[in-house]
Amino acid sequence: QIQLVESGGGLVQAGGSLKLSCAASGGTFSSYTMAWFRQSPGKGREFVASINAAGSTTRYTDSNKGRFTISRDNAKNTLYLQMNSLKPEDTAAYYCASRVGSILYTQPQSYNYWGQGTQVTVSS
């Protein structure tokens with residue numbers, strides 16, 4: 001069973017950048033489709049981006065495309081999310097998630113394993 005630990009969150013001003021990391025252990029990281037989700041207080045878990053096992057295919061929401069970049073390093077068992085041009089509405093807890101299978105689902109219920117989350121706060 002894979003375990004996931006996020007890091008890299010923090011407080012940043014609007015327009016700034018952050019890079020999140022998700023370290024995986026206990027499983028064959030290179031066989032999992034990975035994704036980032038986020039959740040704000042009072043809201044459901046929202047899809048941010050996903051990437052296939054090989055790192056060759058990615059998926060984003062329209063609001064994140066061009067600002068966020070998902071990537072992975074299978075040799076380091078690590079998933080990344082580079083976030084640029086951050087906005088106050090990006091403030092949320094960010095979670096990485098994994099699933100077996102190649103389809104880049106956007107629904108959180110399609111993912112089996114989750115990290116504990118890292119908080120991102122964007123001030124205006």
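At least one side-chain heavy atom of Leu81 sits less than 4.5 Å from a side-chain heavy atom of Val48. With contacts defined as side-chain heavy-atom distances shorter than 4.5 Å, the pair Asn84/Ser17 qualifies. Counting heavy atoms from C-beta on, the side chains of Val120 and Asp90 never come closer than 4.5 Å.
Interatomic distance, CZ of Arg99 versus CG of Leu104, reported as 8.5 Å (0.5 Å rounding). From Met34, atom CE reaches atom CD1 of Ile51 across 9.5 Å, with rounding to the nearest 0.5 Å.
Placement of Trp36 and Tyr95 in two distinct hydrophobic clusters is found when ILVMFWY residues are connected by side-chain heavy-atom separations under 4.5 Å, directly or transitively.
The main-chain N or O of Pro108 is never found under 3.5 Å from a side-chain atom of Arg45 such that the two would form a donor-acceptor pair. The main-chain N or O of Thr69 is never found under 3.5 Å from a side-chain atom of Gln82 such that the two would form a donor-acceptor pair.
Looking at Tyr94 and Arg38, their side chains do bring a donor and an acceptor atom within 3.5 Å of each other. Using modelled atom types and a 3.5 Å distance limit, the side chains of Ser63 and Thr61 yield a donor-acceptor pair. Between the side chains of Thr33 and Asn52, no donor-acceptor pair of N or O atoms lies under 3.5 Å.
The list of ring pair (Phe, Tyr, Trp, His ring centres under 6.0 Å) pairs with a residue in residues 42-84, not counting sequence neighbours, reads Phe37-Phe47.
For the pair Arg72 and Phe29, the cation-pi criterion (under 6.0 Å, within 45° of the ring axis) is fulfilled.
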